Amino acid sequence: MTTDTAPSNDRFLRALRREPVDRTPVWLMRQAGRYLPEYRDTRQQAGSFLALAKNPELACEVTLQPLRRFPLDAAILFSDILTVPDAMGLGLYFADGEGPKFERPVRTADDVARLAVPDMETELRYVMDAVRVIRRELNGSVPLIGFSGSPWTLACYMIEGGGSDNFSKIKAMALNAPELLHRVLSVNTDAVIAYLAAQRAAGAQALQVFDTWGGVLSPAMYREFSLPYLVRIARELQRGEGEERTPLILFGKGNNAYLEALAASGTEGVGVDWTIELADAARRTGGKVALQGNLDPATLYGSPDAIREQVRRALDNYAEGNGGSRDGHVFNLGHGMSPDMNPDHVAALVQAVHEVSAR
(Lines give C-alpha, C1' and ligand atoms only; values in the text may rest on other atoms or scores of the structure.)
Protein backbone atom coordinates (compact mmCIF):
# COMPACT_ATOMS: atom_id res chain seq x y z
CA MET A 1 0.00 0.00 0.00
CA THR A 2 3.00 2.32 0.07
CA THR A 3 2.99 3.26 -3.61
CA ASP A 4 -0.58 4.60 -3.81
CA THR A 5 -1.35 8.20 -4.63
CA ALA A 6 -0.62 11.00 -2.20
CA PRO A 7 -3.44 12.06 0.16
CA SER A 8 -5.56 15.01 -1.01
CA ASN A 9 -4.05 17.01 1.87
CA ASP A 10 -0.34 16.17 1.64
CA ARG A 11 1.17 19.29 3.26
CA PHE A 12 2.44 17.20 6.20
CA LEU A 13 4.41 14.91 3.87
CA ARG A 14 5.61 17.86 1.78
CA ALA A 15 6.81 19.69 4.90
CA LEU A 16 8.79 16.61 5.96
CA ARG A 17 10.47 16.70 2.52
CA ARG A 18 11.17 20.42 3.14
CA GLU A 19 9.09 21.32 0.08
CA PRO A 20 6.98 24.51 -0.13
CA VAL A 21 3.48 24.25 1.35
CA ASP A 22 0.50 26.63 1.38
CA ARG A 23 0.51 26.69 5.20
CA THR A 24 2.33 24.95 8.03
CA PRO A 25 0.81 21.52 8.72
CA VAL A 26 -0.27 20.67 12.27
CA TRP A 27 -1.02 17.52 14.20
CA LEU A 28 -0.81 16.97 17.97
CA MET A 29 0.77 14.22 20.01
CA ARG A 30 -2.05 12.40 21.87
CA GLN A 31 -4.61 14.14 19.63
CA ALA A 32 -6.82 11.06 20.14
CA GLY A 33 -7.44 10.70 23.83
CA ARG A 34 -9.12 11.41 27.11
CA TYR A 35 -9.70 15.14 26.56
CA LEU A 36 -12.43 14.16 24.06
CA PRO A 37 -15.76 12.97 25.52
CA GLU A 38 -16.29 10.71 22.49
CA TYR A 39 -12.97 8.98 23.25
CA ARG A 40 -14.06 8.35 26.85
CA ASP A 41 -17.32 6.86 25.57
CA THR A 42 -15.49 4.54 23.15
CA ARG A 43 -13.01 3.44 25.82
CA GLN A 44 -15.89 2.65 28.17
CA GLN A 45 -17.48 0.62 25.37
CA ALA A 46 -14.20 -1.31 24.91
CA GLY A 47 -13.92 -2.03 28.64
CA SER A 48 -10.24 -1.13 29.06
CA PHE A 49 -7.41 0.73 27.38
CA LEU A 50 -5.77 -2.49 26.17
CA ALA A 51 -9.05 -3.85 24.81
CA LEU A 52 -9.49 -0.57 22.92
CA ALA A 53 -5.95 -0.68 21.48
CA LYS A 54 -6.34 -4.34 20.45
CA ASN A 55 -9.65 -3.84 18.60
CA PRO A 56 -8.84 -2.56 15.07
CA GLU A 57 -12.33 -1.11 14.47
CA LEU A 58 -12.37 0.78 17.79
CA ALA A 59 -8.73 1.88 17.36
CA CYS A 60 -9.79 3.28 13.99
CA GLU A 61 -12.75 5.07 15.57
CA VAL A 62 -10.63 6.88 18.15
CA THR A 63 -7.95 7.67 15.53
CA LEU A 64 -10.59 9.46 13.44
CA GLN A 65 -12.40 11.28 16.28
CA PRO A 66 -10.06 14.32 16.43
CA LEU A 67 -10.14 14.63 12.63
CA ARG A 68 -13.93 14.98 12.73
CA ARG A 69 -13.55 17.93 15.12
CA PHE A 70 -10.42 19.69 13.85
CA PRO A 71 -8.87 20.23 10.37
CA LEU A 72 -5.66 18.43 11.35
CA ASP A 73 -3.11 17.63 8.64
CA ALA A 74 -2.35 14.05 9.73
CA ALA A 75 -3.87 11.14 11.64
CA ILE A 76 -1.77 9.06 14.02
CA LEU A 77 -2.47 5.40 14.67
CA PHE A 78 -4.15 4.86 18.03
CA SER A 79 -1.98 2.34 19.85
CA ASP A 80 0.61 2.22 22.64
CA ILE A 81 4.41 2.09 22.57
CA LEU A 82 4.34 -0.98 24.85
CA THR A 83 2.66 -3.28 22.31
CA VAL A 84 6.13 -4.55 21.28
CA PRO A 85 7.37 -5.67 24.74
CA ASP A 86 3.87 -7.06 25.40
CA ALA A 87 4.24 -9.19 22.25
CA MET A 88 7.64 -10.34 23.60
CA GLY A 89 5.70 -12.03 26.43
CA LEU A 90 6.30 -9.61 29.30
CA GLY A 91 2.63 -9.47 30.34
CA LEU A 92 1.53 -5.86 29.95
CA TYR A 93 -1.28 -4.66 32.20
CA PHE A 94 -2.60 -1.32 33.39
CA ALA A 95 -3.05 -0.73 37.11
CA ASP A 96 -5.68 1.86 38.08
CA GLY A 97 -4.04 5.23 38.59
CA GLU A 98 -0.55 3.77 38.14
CA GLY A 99 -0.11 3.45 34.38
CA PRO A 100 1.42 0.49 32.54
CA LYS A 101 3.17 -2.39 34.30
CA PHE A 102 4.77 -5.68 33.26
CA GLU A 103 4.18 -8.98 35.06
CA ARG A 104 7.57 -10.31 33.93
CA PRO A 105 10.15 -7.50 33.85
CA VAL A 106 13.59 -8.08 32.34
CA ARG A 107 16.17 -8.18 35.13
CA THR A 108 18.52 -11.15 34.67
CA ALA A 109 20.73 -12.63 31.94
CA ASP A 110 18.13 -15.41 31.56
CA ASP A 111 15.36 -12.83 31.10
CA VAL A 112 17.43 -11.09 28.42
CA ALA A 113 18.23 -14.39 26.66
CA ARG A 114 14.49 -15.07 26.28
CA LEU A 115 13.84 -11.82 24.40
CA ALA A 116 13.09 -12.18 20.69
CA VAL A 117 11.58 -10.10 17.92
CA PRO A 118 7.84 -10.87 17.77
CA ASP A 119 6.13 -11.87 14.54
CA MET A 120 4.43 -8.75 13.21
CA GLU A 121 1.52 -10.44 11.45
CA THR A 122 0.66 -12.82 14.31
CA GLU A 123 1.43 -11.38 17.77
CA LEU A 124 1.04 -7.81 16.49
CA ARG A 125 -1.48 -8.40 13.75
CA TYR A 126 -4.08 -6.27 15.56
CA VAL A 127 -1.82 -3.22 15.05
CA MET A 128 -1.39 -3.91 11.33
CA ASP A 129 -5.12 -4.56 10.98
CA ALA A 130 -5.80 -1.20 12.65
CA VAL A 131 -3.46 0.53 10.17
CA ARG A 132 -5.30 -1.13 7.26
CA VAL A 133 -8.75 -0.19 8.59
CA ILE A 134 -7.70 3.42 9.31
CA ARG A 135 -6.20 3.85 5.84
CA ARG A 136 -9.43 2.57 4.30
CA GLU A 137 -11.57 4.92 6.40
CA LEU A 138 -9.32 7.96 5.84
CA ASN A 139 -9.99 7.41 2.13
CA GLY A 140 -7.01 9.49 1.02
CA SER A 141 -7.91 12.59 3.04
CA VAL A 142 -4.77 13.03 5.20
CA PRO A 143 -1.65 10.89 5.79
CA LEU A 144 -1.54 8.26 8.51
CA ILE A 145 1.42 8.23 10.94
CA GLY A 146 2.59 4.94 12.42
CA PHE A 147 4.87 4.88 15.44
CA SER A 148 6.99 3.01 17.92
CA GLY A 149 8.76 3.64 21.17
CA SER A 150 12.55 3.97 20.95
CA PRO A 151 14.75 1.04 21.97
CA TRP A 152 15.90 2.90 25.11
CA THR A 153 12.40 4.02 26.14
CA LEU A 154 11.01 0.50 25.67
CA ALA A 155 13.90 -0.88 27.72
CA CYS A 156 13.06 1.55 30.54
CA TYR A 157 9.59 0.03 30.93
CA MET A 158 10.81 -3.54 30.36
CA ILE A 159 13.53 -3.35 33.02
CA GLU A 160 11.80 -1.08 35.56
CA GLY A 161 8.61 -3.11 35.19
CA GLY A 162 6.57 0.07 34.59
CA GLY A 163 7.01 3.80 34.98
CA SER A 164 9.78 5.15 37.20
CA ASP A 165 10.80 8.25 39.10
CA ASN A 166 14.54 7.61 39.02
CA PHE A 167 15.12 4.75 36.53
CA SER A 168 17.29 3.06 39.15
CA LYS A 169 17.05 -0.48 37.76
CA ILE A 170 17.93 0.28 34.15
CA LYS A 171 20.70 2.72 35.14
CA ALA A 172 22.13 0.10 37.50
CA MET A 173 22.17 -2.36 34.58
CA ALA A 174 23.87 0.29 32.40
CA LEU A 175 26.58 0.69 35.05
CA ASN A 176 26.97 -2.90 36.26
CA ALA A 177 26.19 -4.99 33.18
CA PRO A 178 26.32 -2.71 30.12
CA GLU A 179 26.71 -5.68 27.74
CA LEU A 180 23.38 -7.04 29.04
CA LEU A 181 21.63 -3.74 28.43
CA HIS A 182 23.13 -3.50 24.94
CA ARG A 183 21.68 -6.94 24.23
CA VAL A 184 18.21 -5.71 25.28
CA LEU A 185 18.62 -2.57 23.15
CA SER A 186 19.83 -4.59 20.15
CA VAL A 187 16.77 -6.89 20.26
CA ASN A 188 14.52 -3.87 20.77
CA THR A 189 16.07 -2.13 17.76
CA ASP A 190 15.53 -5.17 15.54
CA ALA A 191 11.93 -5.29 16.78
CA VAL A 192 11.31 -1.57 16.21
CA ILE A 193 12.67 -1.76 12.66
CA ALA A 194 10.47 -4.78 11.90
CA TYR A 195 7.46 -3.14 13.58
CA LEU A 196 7.76 0.13 11.66
CA ALA A 197 8.40 -1.73 8.39
CA ALA A 198 5.23 -3.77 8.97
CA GLN A 199 3.20 -0.62 9.68
CA ARG A 200 4.57 0.92 6.48
CA ALA A 201 3.64 -2.23 4.51
CA ALA A 202 0.13 -2.08 6.02
CA GLY A 203 -0.28 1.53 4.87
CA ALA A 204 1.37 3.99 7.29
CA GLN A 205 2.61 6.99 5.27
CA ALA A 206 4.98 8.46 7.89
CA LEU A 207 6.63 6.95 10.96
CA GLN A 208 7.61 8.40 14.33
CA VAL A 209 9.87 7.04 17.06
CA PHE A 210 9.13 8.30 20.58
CA ASP A 211 12.28 8.48 22.72
CA THR A 212 10.26 9.67 25.69
CA TRP A 213 12.89 8.85 28.32
CA GLY A 214 16.08 9.72 26.38
CA GLY A 215 16.27 12.94 28.37
CA VAL A 216 16.82 11.13 31.68
CA LEU A 217 20.29 10.03 30.54
CA SER A 218 23.56 11.84 31.10
CA PRO A 219 25.20 12.95 27.82
CA ALA A 220 27.69 10.06 27.95
CA MET A 221 24.94 7.53 28.63
CA TYR A 222 22.68 8.99 25.93
CA ARG A 223 25.48 8.63 23.38
CA GLU A 224 26.02 5.02 24.43
CA PHE A 225 22.52 3.69 25.13
CA SER A 226 20.05 5.74 23.07
CA LEU A 227 21.60 7.61 20.13
CA PRO A 228 23.34 4.68 18.35
CA TYR A 229 20.09 2.71 18.29
CA LEU A 230 18.11 5.66 16.91
CA VAL A 231 20.77 6.04 14.20
CA ARG A 232 20.46 2.31 13.40
CA ILE A 233 16.71 2.71 12.90
CA ALA A 234 17.15 5.76 10.65
CA ARG A 235 19.78 3.97 8.54
CA GLU A 236 18.39 0.43 8.39
CA LEU A 237 14.62 0.97 8.14
CA GLN A 238 13.75 0.63 4.45
CA ARG A 239 11.52 3.58 3.51
CA GLY A 240 11.61 3.82 -0.31
CA GLU A 241 13.01 6.61 -2.46
CA GLY A 242 12.06 10.08 -3.71
CA GLU A 243 8.45 11.17 -3.33
CA GLU A 244 7.51 7.56 -2.49
CA ARG A 245 9.82 7.62 0.55
CA THR A 246 8.05 7.18 3.89
CA PRO A 247 9.46 9.90 6.17
CA LEU A 248 10.75 9.10 9.64
CA ILE A 249 10.57 11.50 12.60
CA LEU A 250 12.76 10.98 15.66
CA PHE A 251 11.18 12.68 18.68
CA GLY A 252 12.79 12.84 22.08
CA LYS A 253 11.86 14.67 25.22
CA GLY A 254 15.03 16.41 26.38
CA ASN A 255 16.95 15.82 23.14
CA ASN A 256 18.12 19.42 22.60
CA ALA A 257 21.78 18.66 23.30
CA TYR A 258 21.85 16.10 20.48
CA LEU A 259 20.13 17.87 17.59
CA GLU A 260 23.19 17.89 15.33
CA ALA A 261 23.71 14.15 15.81
CA LEU A 262 20.03 13.40 15.22
CA ALA A 263 20.03 15.57 12.08
CA ALA A 264 23.00 13.57 10.76
CA SER A 265 21.31 10.21 11.47
CA GLY A 266 19.52 9.84 8.13
CA THR A 267 16.05 10.66 9.51
CA GLU A 268 13.75 13.02 7.60
CA GLY A 269 12.41 14.85 10.65
CA VAL A 270 13.42 15.64 14.22
CA GLY A 271 10.81 16.46 16.86
CA VAL A 272 11.82 18.85 19.63
CA ASP A 273 10.29 19.68 23.00
CA TRP A 274 9.40 23.20 24.20
CA THR A 275 12.63 23.87 26.11
CA ILE A 276 14.48 25.18 23.04
CA GLU A 277 13.78 28.04 20.64
CA LEU A 278 12.80 26.71 17.23
CA ALA A 279 15.16 29.31 15.71
CA ASP A 280 18.07 27.70 17.56
CA ALA A 281 16.99 24.22 16.51
CA ALA A 282 16.67 25.33 12.87
CA ARG A 283 20.08 26.98 12.86
CA ARG A 284 21.76 24.00 14.50
CA THR A 285 20.23 21.43 12.15
CA GLY A 286 21.05 23.58 9.13
CA GLY A 287 18.29 22.43 6.79
CA LYS A 288 19.34 18.76 6.94
CA VAL A 289 15.96 17.71 8.40
CA ALA A 290 12.45 19.02 8.85
CA LEU A 291 11.65 20.10 12.42
CA GLN A 292 8.50 19.18 14.30
CA GLY A 293 7.20 20.99 17.37
CA ASN A 294 7.37 22.62 19.75
CA LEU A 295 4.60 24.49 21.59
CA ASP A 296 4.52 23.88 25.36
CA PRO A 297 1.42 21.66 25.84
CA ALA A 298 0.45 23.81 28.85
CA THR A 299 -0.26 26.63 26.38
CA LEU A 300 -3.61 24.90 25.84
CA TYR A 301 -4.62 26.01 29.35
CA GLY A 302 -4.40 29.62 28.14
CA SER A 303 -7.21 31.56 26.51
CA PRO A 304 -7.76 31.25 22.73
CA ASP A 305 -6.15 34.69 22.30
CA ALA A 306 -3.13 33.65 24.35
CA ILE A 307 -2.87 30.40 22.37
CA ARG A 308 -2.94 32.32 19.10
CA GLU A 309 -0.14 34.62 20.29
CA GLN A 310 2.06 31.67 21.32
CA VAL A 311 1.39 29.96 17.98
CA ARG A 312 2.45 33.13 16.17
CA ARG A 313 5.63 33.33 18.22
CA ALA A 314 6.56 29.71 17.48
CA LEU A 315 5.91 30.09 13.74
CA ASP A 316 7.88 33.34 13.54
CA ASN A 317 10.68 31.89 15.64
CA TYR A 318 11.08 28.91 13.30
CA ALA A 319 11.20 31.21 10.25
CA GLU A 320 13.76 33.43 11.96
CA GLY A 321 16.17 30.49 12.26
CA ASN A 322 15.32 29.14 8.79
CA GLY A 323 16.32 32.12 6.67
CA GLY A 324 12.87 33.70 6.80
CA SER A 325 11.13 30.62 5.37
CA ARG A 326 8.39 28.66 7.12
CA ASP A 327 9.05 25.56 4.95
CA GLY A 328 10.35 22.39 6.57
CA HIS A 329 8.27 22.82 9.74
CA VAL A 330 5.51 20.58 11.11
CA PHE A 331 3.67 22.33 13.95
CA ASN A 332 3.10 20.20 17.03
CA LEU A 333 3.28 20.32 20.79
CA GLY A 334 6.58 19.68 22.53
CA HIS A 335 4.98 16.63 24.19
CA GLY A 336 1.55 15.00 24.42
CA MET A 337 -1.77 16.52 25.43
CA SER A 338 -3.30 16.00 28.89
CA PRO A 339 -6.78 14.64 29.70
CA ASP A 340 -8.04 17.91 31.25
CA MET A 341 -7.46 20.05 28.14
CA ASN A 342 -10.38 21.87 26.53
CA PRO A 343 -11.28 20.73 22.99
CA ASP A 344 -12.29 24.32 22.14
CA HIS A 345 -8.72 25.42 22.88
CA VAL A 346 -7.41 22.69 20.58
CA ALA A 347 -9.68 24.07 17.85
CA ALA A 348 -8.26 27.56 18.47
CA LEU A 349 -4.71 26.19 18.20
CA VAL A 350 -5.29 24.38 14.89
CA GLN A 351 -7.10 27.40 13.41
CA ALA A 352 -4.31 29.74 14.52
CA VAL A 353 -1.59 27.59 12.93
CA HIS A 354 -3.38 27.54 9.59
CA GLU A 355 -4.32 31.22 9.58
CA VAL A 356 -1.04 32.67 10.85
CA SER A 357 1.11 30.46 8.62
CA ALA A 358 -0.84 30.91 5.37
CA ARG A 359 1.67 31.76 2.63
Side-chain angles (χ1 to χ4, degrees), residues 2 4-33 35-36 60 62-78 131 134-135 137-147 199-200 203-208 210 243 245-251 267-272 278 289-295 297 299-300 307-308 310-312 314-316 318-319 322 325-337 341 343 345-359:
T2 51
D4 51 3
T5 53
S8 53
N9 171 0
D10 68 345
R11 60 172 74 104
F12 167 71
L13 297 176
R14 291 173 60 86
L16 286 173
R17 297 196 295 261
R18 300 187 54 80
E19 294 173 359
V21 287
D22 59 335
R23 56 195 57 184
T24 299
V26 55
W27 70 277
L28 304 172
M29 288 185 276
R30 293 203 203 119
Q31 65 189 23
Y35 74 103
L36 292 176
C60 174
V62 293
T63 298
L64 299 182
Q65 283 170 352
L67 280 87
R68 296 187 190 120
R69 280 186 179 249
F70 318 116
L72 294 154
D73 295 298
I76 182 164
L77 165 70
F78 180 80
V131 171
I134 297 163
R135 273 300 305 275
E137 294 302 314
L138 282 171
N139 195 27
S141 54
V142 296
L144 174 61
I145 305 165
F147 71 91
Q199 290 182 46
R200 177 175 179 263
Q205 293 150 294
L207 301 164
Q208 176 155 315
F210 287 85
E243 294 210 348
R245 188 168 176 83
T246 304
L248 173 70
I249 303 162
L250 300 179
F251 168 74
T267 189
E268 284 71 40
V270 173
V272 292
L278 278 175
V289 289
L291 288 178
Q292 180 176 279
N294 73 334
L295 195 71
T299 305
L300 284 164
I307 291 167
R308 188 180 182 89
Q310 294 303 314
V311 165
R312 181 186 297 281
L315 289 165
D316 288 350
Y318 173 82
N322 193 47
S325 168
R326 294 201 200 277
D327 295 337
H329 180 210
V330 173
F331 200 98
N332 208 318
L333 303 173
H335 198 240
M337 296 176 61
M341 287 171 170
H345 290 200
V346 178
L349 167 64
V350 175
Q351 182 180 3
V353 174
H354 285 154
E355 288 180 359
V356 174
S357 72
R359 315 288 198 258

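One is the number of the first residue; the rest follow in order along the sequence. Being a predicted model, the structure only gives us computed values, none of them experimental.
A distance of 5.5 Å separates OG1 of T63 from CG of L77, quoted to the nearest 0.5 Å. The distance from atom CD1 of I134 to atom CG of N139, rounded to the nearest 0.5 Å, is 14.0 Å. Note: F147 CZ to L207 CG = 11.0 Å, rounded to the nearest 0.5 Å. In this structure, SG in C60 is found 9.5 Å from CG in L144, a value given to the nearest 0.5 Å. To the nearest 0.5 angstrom, F210 atom CZ is 8.5 Å from I249 atom CD1. For the atom pair I76 CD1 and L67 CG, the distance stands at 11.5 Å (nearest 0.5 Å).
Listed here is the closest heavy atom pair of Y35 and R30: CE2-O, 3.8 Å. The two atoms that bring P7 and S141 nearest to each other are CB-O, 3.9 Å, heavy atoms only. Looking at every heavy atom in both residues, F331 comes nearest to A314 through CE1-CB, 3.8 Å. When every heavy atom of L349 is checked against every heavy atom of L28, the shortest pair comes out as CD2-CD2, 3.6 Å. Nearest approach of P343 to F70, heavy atoms of both residues: O-CE2, 3.4 Å. Considering all non-hydrogen atoms of both residues, V142 and Q205 come closest at O-OE1, 4.2 Å.
In the model, R312 has no side-chain atom that pairs as donor or acceptor with a side-chain atom of S357 under 3.5 Å. Side-chain contact of Q31 with Q65: a donor-acceptor pair under 3.5 Å is absent, judged by distance alone.
At distances below 3.5 Å, not a single donor-acceptor pair connects side-chain atoms of H354 with backbone N or O atoms of L72. No donor-acceptor pair closer than 3.5 Å links the side chain of Q208 to the backbone N or O of L248. Distance alone, capped at 3.5 Å, is enough to place a donor-acceptor pair between the N322 side chain and the S325 backbone. At least one donor-acceptor pair under 3.5 Å links the side chain of N332 to the backbone N or O of M29.
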| message | Run the side chain to side chain donor-acceptor pair (under 3.5 Å) test on R326 and T24 for me, step by step, so that the C-alpha distance in whole Å, both residues' side-chain angles and the decisive distance to 0.1 Å come before the verdict. | response | CA-CA 7 Å; R326 294 201 200 277; T24 299; 5.3 Å; no
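Side-chain contact between D10 and P143: absent, with no pair of heavy atoms (C-beta onward) separated by less than 4.5 Å.
Of the candidates L300, L315, T299, T299 is the only one forming a side chain to side chain contact (heavy atoms under 4.5 Å, CB included) with Q310. Shown are R359, R14, R18; of these, the side chain to side chain donor-acceptor pair (under 3.5 Å) with D327 is made only by R359.
In terms of the salt bridge (charged side-chain N to carboxylate O under 4.0 Å, His left out) criterion, residue partners of R11 (sequence neighbours excluded) are, by chain and number, D22, D73. The side-chain hydrogen bond (donor to acceptor under 3.5 Å, both in side chains) check on R308 picks up E355, with sequence neighbours excluded.
A salt bridge between E268 and R17 is absent, with no side-chain N of the basic residue lying under 4.0 Å from a carboxylate O of the acidic one.
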